[in-house]
Amino acid sequence: GAVVSQHPSRVICKSGTSVKIECRSLDFQATTMFWYRQFPKQSLMLMATSNEGSKATYEQGVEKDKFLINHASLTLSTLTVTSAHPEDSSFYICSAPGTGPYGYTFGSGTRLTVV
Amino acid sequence: AQTVTQSQPEMSVQEAETVTLSCTYDTSESNYYLFWYKQPPSRQMILVIRQEAYKQQNATENRFSVNFQKAAKSFSLKISDSQLGDTAMYFCAFMIYGGATNKLIFGTGTLLAVQP
């Protein structure tokens, strides 16, 4: 079945630095990728939708300059957290509309800790 | 705007028993999909079951079944013969069919604990 490979699974970075999270679609082309943020014991909050070859669409309240999304190819979408601060610490998950009748394929998530 | 509500933050069930998780949603759309996703401690999102709004028949997947009440905008999940591996956070989700973005809207989740 469709698989989305997300890396890294965990990252610790210093405050003020930038971190890039990658999501690759394996065995299928993902023209769209959804990026979610999840706080402990809470729901998934949609941050933005990336589309291959065009600008990402951000949800209301999400800082475009802080969370840079690039979808340069049909198999790769990236989220870069720029000038990270401790409040950016969270679990980030990507998801692509998959093939077949079962909807969406999720990456395994990235736990970001900013110290 | 579409909203999804899960009124049970936490639930507990004994192994082999049956449990029902509630979900209600609000939309003015007529064509949509509803999903239940499971997120175990590994935090990998796993699709449990999905229901097309145009189908009157309730979806079933082995021990998992739904009670879809379109008029009431209710979509509950029943887990039969609960197993320890069912312990997870369960999210109800909604998607407009044919929408511009096909994005999923998630409920707040229900943490289910299956007790031995």
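Convention: sequence-line order gives letters A, B, ...; per-chain numbering from 1. Keep in mind the model is a prediction, meaning the values are calculated, not measured.
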### Message
For A/R10, I'd like to know if atom CZ has over 12 heavy atoms of other residues, nucleotides or ligands within 6.0 Å.
### Response
no
#### Entry: Contact class of A/L46 relative to chain B, heavy atoms under 4.5 angstrom
side chain
### Query
Same cluster or not: are A/Y36 and A/F91 linked, directly or through other Ile, Leu, Val, Met, Phe, Trp or Tyr residues, by side-chain heavy atoms under 4.5 angstrom apart?
yes
### Query
Can you tell if the side chain of B/L104 reaches within under 4.5 Å of the side chain of A/F34, non-hydrogen atoms only?
no
### Message
So A/I93 and B/Q39, do their side chains get closer than 4.5 Å, heavy atoms only?
### Response
yes
### Query
Where on B/F91 is there a heavy atom nearer than 4.5 Å to chain A: the side chain, the backbone, both, or neither?
side chain
### Message
Check this for me: B/K78, atom NZ, are more than 12 non-hydrogen atoms of other residues, nucleotides or ligands nearer than 6.0 Å?
### Response
no
### Close side-chain approach of A/Y104 and B/M95, heavy atoms under 4.5 Å
yes
### Message
Within the supplied structure, the quantity of interest is the number of heavy atoms (other residues, nucleotides, ligands) at a distance under 6.0 Å from A/K66 NZ; does it exceed 12?
### Response
yes
### Query
Under 3.5 Å, is there a donor-acceptor pair between the side chain of A/S43 and the main chain of B/G107?
yes
### Query
If Ile, Leu, Val, Met, Phe, Trp and Tyr residues are connected whenever their side-chain heavy atoms lie under 4.5 Å apart, and connections chain through other members, are B/I79 and B/V13 in the same group?
yes
### Task
Report yes if the side chains of B/K103 and A/E59 come closer than 4.5 Å at any heavy-atom pair, otherwise no.
yes
### Heavy-atom contact with chain B under 4.5 Å, split by part of A/Q6
neither
### Message
A quick test of your reading: do over 12 heavy atoms of other residues, nucleotides or ligands sit less than 6.0 Å from NZ of A/K20?
### Response
no
